[in-house]
Visitor: 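Have a look at this one before I ask anything.
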Amino acid sequence: MSAEIICVGTELLLGDILNGNAQFLAQQLAQLGIPHYYQTVVGDNPQRLKQVIEIAISRAQILIFTGGLGPTPDDLTCETIADFFGVPLVERPEIIEDIAQKFAGRGRVMTSSNRKQALIPQGAEILPNPTGTAPGIIWQPRSDITIFTFPGVPSEMHHMWRETAVPFLKNQGWGQEIIYSRSLKFWGIGESALAEKVAPYLNLPNPTVAPYAGKGEVRLRISAKASSEVAAEALILPIEKQLKEIAGLDYYGTDDRTLASVVGELLRSTKETLSVAESCTGGGLGQMLTEISGSSDYFWGGVISYDNSVKVGLLKVNPEDLDKFGAVSATVAEQMAVGVKMCLSTTWGLSITGIAGPTGGTDTKPVGLVYIGLAGPNDEVTSFEYRFGTMRGRTLIRLLSANTALDLLRRQLLTRL
């Protein structure tokens, strides 16, 4: 037994709007323990929608539609579903009355086109929409198929799902188990390298472990199916512990934790402070740090030293070194880190200088070349060179640079504990 999500709307295919409805429904199905293997997006076309239904009923028992329930001619979901199963549409007067009352409450008169929203397949139950004009349906056209339809407006769909669909599914015996997941986060290791390290865990039946990556970060999602969250936790915890031990310092946090929040926790625990000097990231590193509530406990400020005069004037970078090695160099990164540490009297100084592109690169110093400087207690200072690639784009290079700088500091803090 499984469910399939079918999102209807040409605007989704064109990329005009983000398909957040599919994400919401996928998460909700997991909470109910309902397996879900496929999602489909189809335009406002009856023939193609029928093809999607034909495929879906061959592999799923619950079909969840979003979109296509409005009053306009291209809103065809209900009538296409009815036509596919050879059932006539019937006008439901209680829907017309509900729509008319909602229009009246807004000081408007219901248009004739809205009567279309009162047409639902014969035998279907109304899935009420408390806030909008488009009701959905709950319908079992065959004994082995249950169909839900929802409007595409996310706020309406969320309410209808929670208030009506979930209770219905639970009454049908669903929701006796849940699928609970936890994500372990890693930085400084590639997806393939991590997958090789944890290969024996990728074929577990319950809980399952799956790797995925994006924007420099790798995650391992551990998912368990159980009767409750507590029972799922009991399955996940021993696997989580083993994976952390295998990954070592490459593991940095779980679920919603970020590199910035982890660094903040470490600094707070050691009662140490941080300042940053940024060139190519333009304040992005400071923004990550200040997004954490209470970060003023350990983050004292930063300098955005885009121009060399700022590096020399505020950070005391040696102008002769700038001329000899250039602003994008290990020497300058180290001096920037020391300079901001001294300027703001912090325990740690962290600096970034590089070429984020799309212009400014040369054969010897290409776009994506970044140096990170780290100045710590007892006057130790070091630098690190990274080549993030010429094709990654300015925004991604900045993001990778800032997170890599945080990860370097995280590792230093951990090794000193």
Visitor: Within the distance-only criterion (no hydrogens, no angle test), does the side chain of Ser261 pair as donor or acceptor with the backbone N or O of Thr258 below 3.5 angstrom?
Guide: yes
Visitor: Near Arg59 CZ, under 6.0 Å, is it more than 12 heavy atoms from other residues, nucleotides or ligands?
Guide: yes
Visitor: Within the side chain of Arg410, is there an N or O that forms a donor-acceptor pair under 3.5 Å with the backbone of Leu249?
Guide: yes
Visitor: Indicate yes or no for a side-chain donor-acceptor contact from Thr208 to the backbone of Leu204 under 3.5 Å, with no hydrogens or angles considered.
Guide: no
Visitor: Considering only heavy atoms from C-beta outward, does the side chain of Thr133 approach that of Met110 to under 4.5 Å?
Guide: no
Visitor: Does the side chain of Leu49 come within less than 4.5 Å of Leu76's, by heavy atoms?
Guide: no
Visitor: I need the single residue from Asp407, Leu409, Thr404 that forms a side chain to side chain contact (heavy atoms under 4.5 Å, CB included) with Leu259. Which is it?
Guide: Asp407
Visitor: Looking only at atom types and distance, does a side-chain atom of Arg387 sit under 3.5 Å from a main-chain N or O of Leu369, one as donor and one as acceptor?
Guide: no
Visitor: Passes side-chain contact (heavy atoms from CB on, under 4.5 Å), Ile189 versus Trp187? Steps please.
Guide: CA-CA 6 Å; Ile189 186 171; Trp187 195 274; over 6 Å; no
Visitor: Once you measure the plane-to-plane angle for Phe24 and His158, does it fall in the parallel (<30°), tilted (30-60°) or perpendicular (>60°) bin?
Guide: parallel
Visitor: Would you call Lys50-Asp83 a salt bridge at under 4.0 Å N-O?
Guide: yes
Visitor: Restricting to non-hydrogen atoms, name the atom on Leu235 and the atom on Ala226 that form the minimum distance, rounded to 0.1 Å.
Guide: CD1-CB, 4.3 Å
Visitor: Could you tell me whether the side chain of Ile246 reaches within less than 4.5 Å of the side chain of Tyr251, counting heavy atoms only?
Guide: no
Visitor: If we check ring pair (Phe, Tyr, Trp, His ring centres under 6.0 Å) with Trp139, which of these qualifies: Phe148, Phe84, Phe85?
Guide: Phe85
Visitor: Hey, are Arg219 and Glu191 close enough for a salt bridge, meaning a charged N less than 4.0 Å from a carboxylate O?
Guide: no
Visitor: Can I get a per-line list of side-chain donor-acceptor pairs under 3.5 Å for residues 286-305, giving both atom names and the distance, sequence neighbours left out?
Guide:
{"unit_1": "Thr290", "atom_1": "OG1", "unit_2": "Gly286", "atom_2": "O", "d": "2.9"}
{"unit_1": "Thr290", "atom_1": "OG1", "unit_2": "Gln287", "atom_2": "O", "d": "3.2"}
{"unit_1": "Ser295", "atom_1": "OG", "unit_2": "Leu289", "atom_2": "O", "d": "3.3"}
{"unit_1": "Ser295", "atom_1": "OG", "unit_2": "Ile292", "atom_2": "O", "d": "3.1"}
{"unit_1": "Asp297", "atom_1": "OD2", "unit_2": "Arg268", "atom_2": "NE", "d": "3.3"}
{"unit_1": "Asp297", "atom_1": "OD2", "unit_2": "Arg268", "atom_2": "NH2", "d": "3.3"}
{"unit_1": "Ser305", "atom_1": "OG", "unit_2": "Glu278", "atom_2": "O", "d": "3.4"}

Visitor: When the ring centroid of Tyr386 is compared with that of Tyr371, is the distance short of 6.0 Å?
Guide: no
Visitor: Just by distance, do the side chain of Thr40 and the backbone of Ile6 share a donor-acceptor pair under 3.5 Å?
Guide: no
Visitor: Check whether any side-chain heavy atom of Ile137 sits under 4.5 Å from a side-chain heavy atom of Cys78, and report yes or no.
Guide: yes
Visitor: Go through the steps for Leu194 and Asp250 under the test side-chain contact (heavy atoms from CB on, under 4.5 Å), then give the verdict.
Guide: CA-CA 9 Å; Leu194 181 61; Asp250 290 330; over 6 Å; no
Visitor: Heavy atoms, side chains only, cut-off 4.5 Å: are Tyr212 and Val218 in contact?
Guide: no
Visitor: Apply the test side-chain contact (heavy atoms from CB on, under 4.5 Å) to residues Ile138 and Ile126: give CA-CA distance (whole Å), side-chain angles for both, the deciding distance (0.1 Å), then the verdict.
Guide: CA-CA 6 Å; Ile138 301 175; Ile126 298 170; over 6 Å; no
Visitor: If only atom types and distance count, is the side chain of Lys365 paired as donor or acceptor with the main-chain N or O of Val328 below 3.5 Å?
Guide: yes
Visitor: Hey, does the side chain of Ser275 reach the backbone of Thr346 with a donor-acceptor pair shorter than 3.5 angstrom?
Guide: no
Visitor: Below 4.5 Å, heavy atoms only, C-beta onward: do Lys225 and Ile178 meet side chain to side chain?
Guide: no
Visitor: Asn19 side chain to Cys7 main-chain N or O, any donor-acceptor pair under 3.5 Å?
Guide: no
Visitor: Would you indicate whether Asp256, at its atom CG, is surrounded by more than 12 heavy atoms from other residues, nucleotides or ligands within a distance under 6.0 Å?
Guide: no
Visitor: Write down the atom of Lys311, the atom of Ala327, and the distance for their closest heavy-atom approach.
Guide: CE-CB, 4.1 Å
Visitor: Please examine the side chains of Asn114 and Phe103, heavy atoms only from C-beta on, and report whether any two atoms are closer than 4.5 Å.
Guide: yes
Visitor: For a side-chain contact (heavy atoms from CB on, under 4.5 Å) check, start with the C-alpha distance between Thr347 and Leu274, then their side-chain angles and the critical distance, and finish with the verdict.
Guide: CA-CA 6 Å; Thr347 315; Leu274 171 66; over 6 Å; no
Visitor: Determine the minimum heavy-atom distance between Gly354 and Cys280, stating which atoms define it.
Guide: O-CB, 3.3 Å
Visitor: Is Lys215 salt-bridged to Glu217, going by a charged N under 4.0 Å from an acidic O?
Guide: no
Visitor: With a 4.5 Å cut-off on side-chain heavy atoms, are Ile239 and Ile236 touching?
Guide: no
Visitor: Looking at every non-hydrogen atom in both residues, tell me the closest pair between Ser223 and Ser181 and how far apart they are.
Guide: OG-OG, 2.6 Å
Visitor: Look at atom CZ of Arg257 and say whether more than 12 heavy atoms of other residues, nucleotides or ligands are closer to it than 6.0 Å.
Guide: yes
